[in-house]
Amino acid sequence: MEYSFSGLEKKWQEKWTAGQVYRVDNNSPKPKYYVLDMFPYPSGTGLHVGHPLGYIASDIFARFKRLKGFHVLHPMGYDAFGLPAEQYALDHGVHPADSTRQNIKNFRDQLDRIGFSFDWSRQVNTAEPGYYHWTQWIFLHLFNSWYNRKEKKAVPIQSLISSFETAGSAIVSGYRRLPDFSASAWKGFTEKEQQDILMEFRLAYCGYGEVNWCEALGTVLANDEVINGVSERGGYPVVKRKLRQWYLRITEYADRLLEGLEKVEFSEAMKEMQANWIGKSYGAEIDFDLAADQEQTGGLPKLRVYTTRPDTIFGVDFMVIAPEHELVPRLTTEDRQKDVEEYIAYVNSRSERERMAEKKISGCFTGSYALNPFNGKRIPVWISEYVLAGYGTGAIMAVPCGDERDFKFAQHFGIPVTNIIGKYFNGKEANSTKEALLENSDFLNGVAMKEAIGLVNDRLESLGIGNRRVNYKMRDAAFSRQRYWGEPFPIRWENGIAYPLDEKELPLLLPEVKNYKPGPDGEGPLANLPEWTSRHLETSTMPGYAASSWYFLRYMDPHNAKEFCSRKASDYWGQVDLYIGGTEHAVGHLLYSRMWTKFLSDLDLIGFDEPFRKLLNQGMIQGSSRFVYRVSPVMFGHEMNAANGIKELPQIFISKGIIDRISSKDSPDREELMVSLRDILAANFPDIQMISNQVEFNPLHVDVNLVDGTELDIAAFKKSKDEYGQAAFIFEDFKIDSPNYSREEKNGRYLCGAETEKMSKSKFNTVDPTGLVEKYGADTFRMYEMFLGPVEQSKPWDTKGIEGVHRFLRKLWRLFYDEAKGKVWTTAAATDAELKVLHKTIKKMDEDTERFSFNTAVSAMMIAVNELTDLKCHKKEVLEKILILLTPYAPHICEELWSLLGNAFSILDAPYPVTDPTYLAETEKQYPVAINGKTRTELNISLDANQEQVEALVLADDSVKKWLDGKSPRKIIYVKNKMINIVV
RNA sequence: GCGGGUGUGGCGAAAUUGGCAGACGUAUCAGACUUAGGAUCUGACGCCGCGAGGCAUGUGGGUUCGAGUCCCUCCACCCGCACCA
């Protein structure tokens, strides 16, 4: 009986499904454990070997925890709404609902073959009304809540209204730039006026603002969806536009999102990324008076700047305001009018991308001067695009000796630089040190910069010209998309007022449409529907991250039609104990879901305020690309980029070794080779024109599946593309394979070039997991994915190595059944040597799995099977424990062998083995004895004896005495049961 | 530029608290069994050396009886952010 994986894997998968063995309910006497994968967007392109990596890791851990007696929640679902789904549907001319349904089916088919232990009864699909009902419901609560900074939590908006009615705007004084009003004034406002004020406080709000508009996608994008000025999806240009848009007031949670990072187990890199995105900085806002050189109508305004370095106040040589700054017109003097207008026009002409690509130093003097509040020094006020309107106050005090950008600006425009840091400033570049003792700084002379910060702040505050101030880089998140495929907002507009729908009206169904092209005036496709617009419903939809911000809660209570998740269910399951996914969601999904969790916790709808206790980021599996080298079209008199005609040209490929030798300048036989290569080409391919002395060639990606190692499968390659059918090859040894060449020459090796790149269809380096599962089985595939290396690390895929893991499983099988002899396992008692192997393995497997070191755990299993094979151990007593240990990794084969051993119950219900320390103890054996690290002799000893006994034994030994030569030892160390070291 | 991470055989990698570096697997070579094998098994496999032995964890230094591991210097690569005052 041999190991035939395909039959048994199918059998067990069917049994698991039929028996619903992975289904869990919401109560158990066992401790709970929640293992979650970042749920996938069901894309249409199919899986490659990189996709299941995280799912396999989480599955192993979930199975491991189950065996160890935990009640494990391990669900899976689909993030079906969103831009990519709609874009895919548009590109393929199908309805997103249909393509999503089809993609989910394909996805599920592929996943099912790998043998996961998901509780599919809890599956969620964010595009189904039963789900988005509650996304809309949470949105209504965000809309109907505001953030009370004194209580540091979200509370119902009704409390704000009550406060306005009784005490006017006192409760929110200083919150935003709103004029204060009294209680009676509030009552006198029109409804529209009242609602406009409330809108300033709602956690989900609608407002005008500068947004990232992507013309190609026809929608607004959130900051994290824009990378280097282009859209994350599709790489289309993005421009800034002022639009009416929904936002999430995530900035109110900035501090708590930052503090919360201390309570969770995320990698340093992840915490760092989030902290950076939040970008908290401590500084001060300072008001500068303006010099009264010219008449100003309505009095002189003050210029308010934000700085993190108030200590450098005496180094201020100029001020810079953003081109969009509201004071630009008032600060521009008559004689500067023309220049300023030209400069503003220039700035407006530049796109976001241009600004990022070429960081030119540009700017324009306004003609006005500000006054240093401490010494009255006149400071010119400039305009420049390097100051951003959206951060701080949109104006800065420039200290060229201490800030690189300010210094470059000063140099460019010839502004004199004041040195306040003495020898720290060399006149050639700025130095942002905080170590210097201040000079040229009036009352701060001789004071250390770090201390000066506090002194200046104190003085600013006592003089009433400045305040300490905390700033954040993070902005409120754009929350609407002018798209069809998303949750409709439960909002109705009337006379410019947004009215929330009643909870009873939910879900507000996404209407079925045939045409989901963009609507008029930058509105979403829903604006095309009369039945929608006649009800005055909001026409944009929610972004992709809306549904994913809370899906981990829905899994706890997926079929609840009355609540998003019952408090009982969320109290039972609590935080996600282990969350596995990629790093790409660092500042998007992970930040939003943390915010939603905090919000729901503020409203006491759930009992915890961080969603994920531990986050594990799986690394990327890179593709190993292969290249062939084709004689360039140039050699046939064609331009390299001439697209047409290449198909008809002779396709001649030169082997990698030859390419290397003729391209390397150091190659000794380079000239010689080039000549013979040219001769061969000239003799066999009359079309070729020799240009200079060179042979020109182009590297082309070739499908990795046509290559064995680096050797090209010529026959398969010829079949892969029409134009390759008549291809000719020059092999490593200069032999030739060409359609019109003699037969004998045709046996040679064509070697390909190799490079590690991101796995992608366009690079022909993707490997399909389904094919591997068919060839080697799911168990082999699962183990090999883990064996590749640490889960968190990026590593290249190499299909060759999978053989080793497959051999291991066959070897394991042979401990039970022999091809010739049949059953070989016995019920005989195990020997000490066998039990030693077993218990060592139990310990190692338990420890390694617990710390997510799945690669070393697989190795440990291989070692165990090798050793048991060497010992010819076929004892049931040992083998069945080995099977339990291996079950999380290779569940199918373990189930099969377990039942073949005659067990009536499933291995999934077997108790996880416990280490017996007796068998881990060291027996007496020879240990090297070293003096000061240098091995001098060997000694028979058992290191399990206590320290004194060991020391006494060692020192009593004659040869040790001899080596010590009368010197007394300072310390005796025995090292990891491996050696004894005497330090003298 | 700033922040984070990683550097160990031909390749993927082990070495958990500072303790015999390279486990395990691949690749390669040699051999056994075979009609044959892409099945199975055995052996070799960091570098130098016939050998004893010596040298080796990106570079240079330091701490230590002992460093891949701790500290400092520099270099390379990967990821993230990028005018955030």
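Naming: A, B, ... by sequence-line order, numbering from 1 per chain.
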(Q) Could you go through A:Y386 and A:F409, starting from their C-alpha distance and side-chain angles, then the distance that decides it, and tell me whether this counts as ring pair (Phe, Tyr, Trp, His ring centres under 6.0 Å)? (A) CA-CA 10 Å; A:Y386 85 86; A:F409 192 87; 5.5 Å; yes
(Q) Evaluate A:D406 against A:I396 for side-chain contact (heavy atoms from CB on, under 4.5 Å), listing each step before the verdict. (A) CA-CA 10 Å; A:D406 297 348; A:I396 63 155; 3.7 Å; yes
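Phosphate proximity of B:rA85 to A:Y391: present, with a side-chain N or O under 4.0 Å from OP1 or OP2. The side chain of A:Q793 contributes an N or O atom lying less than 4.0 Å from OP1 or OP2 of B:rA13.
For the ring-ring contact (aromatic ring centres under 6.0 Å, His included) with A:H806, the lone residue among A:Y784, A:F5, A:F787, A:W813 that qualifies is A:F5. For the salt bridge (charged side-chain N to carboxylate O under 4.0 Å, His left out) criterion with A:E867, the lone passing option out of A:K836, A:K811, A:K840 is A:K840. Of the candidates A:T307, A:D311, A:T312, A:R309 forms a side chain to side chain donor-acceptor pair (under 3.5 Å) with just one, namely A:D311.
Using a 4.0 Å heavy-atom criterion, one finds that A:N866 contacts the sugar-phosphate atoms exclusively. Contact annotation for A:V387: base contact, defined as any heavy-atom pair under 4.0 Å involving a base atom. Using a 4.0 Å heavy-atom criterion, one finds that A:K843 contacts no nucleic acid atom at all. Looking at heavy-atom distances under 4.0 Å, A:E847 makes contact with a base. Counting non-hydrogen atoms under 4.0 angstrom, A:S281 reaches the backbone sugars and phosphates but no base.
A donor atom on one side chain and an acceptor atom on the other are not found under 3.5 Å apart for A:E385 and A:Y343.
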Q: Fill in the dot-bracket string of RNA chain B, one character per base: . for unpaired, | for a pair to another strand, ( ) or [ ] for pairs within the strand, taking Watson-Crick or G-U pairs under 3.5 Å.
A: (((((((..(((......[....))).(((((.......))))).(((....)))..(.(((..]....))).))))))))....
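Comparing B:rG3 with B:rC70, their C1' atoms sit 23 Å apart, to the nearest whole Å. Comparing the same atom, P, in B:rC11 and in B:rA23 gives a spacing of 15 Å after rounding to whole Å. Between B:rU57 and B:rC20, the two C1' atoms lie 15 Å apart (nearest whole Å). Remark: the separation of the P atoms in B:rC55 and B:rG68 is 13 Å, to the nearest Å. Here the separation of B:rC78 from B:rA27, taken at their C1' atoms, is 26 Å to the nearest Å. Nucleotides B:rA14 and B:rG25 place their C1' atoms 11 Å apart, quoted to the nearest Å.
Rounded to a whole Å, the CZ atom of A:F318 is 11 Å from the C1' atom of B:rA85. Taking atom NZ of residue A:K758 and atom P of nucleotide B:rC79, one finds them 10 Å apart after rounding to whole Å. Rounded to an integer number of Å, the gap from CD of A:E429 to C1' of B:rC2 is 15 Å. A:M273 places its CE atom 7 Å from the C1' atom of B:rC79, with the value rounded to the nearest Å. In this entry the distance linking NZ of A:K473 with P of B:rG80 reads 16 Å, nearest Å. Atom CD in A:E867 sits about 11 Å away from atom P in B:rG25, given to the nearest Å.
Look at A:E429 and A:K408 and you find no salt bridge, because none of the NZ, NE, NH1 or NH2 atoms lies under 4.0 Å from a carboxylate O. No salt bridge links A:D846 with A:K843; every basic N to acidic carboxylate O contact stays at or beyond 4.0 Å.
Closest contact between the side chain of A:F787 and the listed nucleotides B:rA14, B:rU26, B:rG12 involves B:rG12. If you check B:rU16, B:rU26, B:rA85 against the side chain of A:D798, the one that comes closest is B:rU26. Among B:rU16, B:rC24, B:rA85, the nucleotide with an atom closest to any side-chain atom of A:D403 is B:rA85. The A:M862 side chain lies nearest to B:rC24 when the options are B:rG12, B:rU16, B:rC24. Of all nucleotides listed (B:rA14, B:rG12, B:rA85), B:rG12 comes nearest to the side chain of A:L788. Closest to the side chain of A:I863, from the set B:rA85, B:rA14, B:rA23, is B:rA23. Checked against B:rA13, B:rG4, B:rA27, the side chain of A:N855 finds its nearest nucleotide in B:rA13. Distance from the side chain of A:A269 is smallest to B:rG4 among B:rG4, B:rG12, B:rA85. Comparing B:rA23, B:rA14, B:rG4 by their nearest atom to the side chain of A:E272 picks out B:rG4.
Applying a 4.0 Å cut-off to non-hydrogen atoms, the residues of residues 802-814 of chain A that approach RNA chain B are A:G804, A:R807, A:R810, A:K811, A:R814, listed by residue number.
Annotation: A:K758, atom NZ; neighbour count of heavy atoms from other residues, nucleotides and ligands within 6.0 Å does not exceed 12.
Comparing A:K795 and A:W277 against RNA chain B, the residue whose closest nucleotide sits nearer the 5' end is A:K795. Toward the 5′ end of RNA chain B lies the nearest nucleotide of A:T869, the other residue of the pair A:T869 and A:T393 mapping further downstream.
Sorted by first and then second residue, the side-chain hydrogen bond (donor to acceptor under 3.5 Å, both in side chains) pairs involving residues 275-284 of chain A (not counting sequence neighbours) are A:D255-A:K280, A:K280-A:Y282, A:S281-A:Y306, A:S281-A:Y391.
Ring geometry, A:F852 versus A:F61: the interplanar angle falls from 30° to 60°, so the pair is classed tilted.
Remark: side-chain polar atoms of A:K434 are not paired, donor with acceptor, to backbone N or O of A:S432 under 3.5 angstrom.
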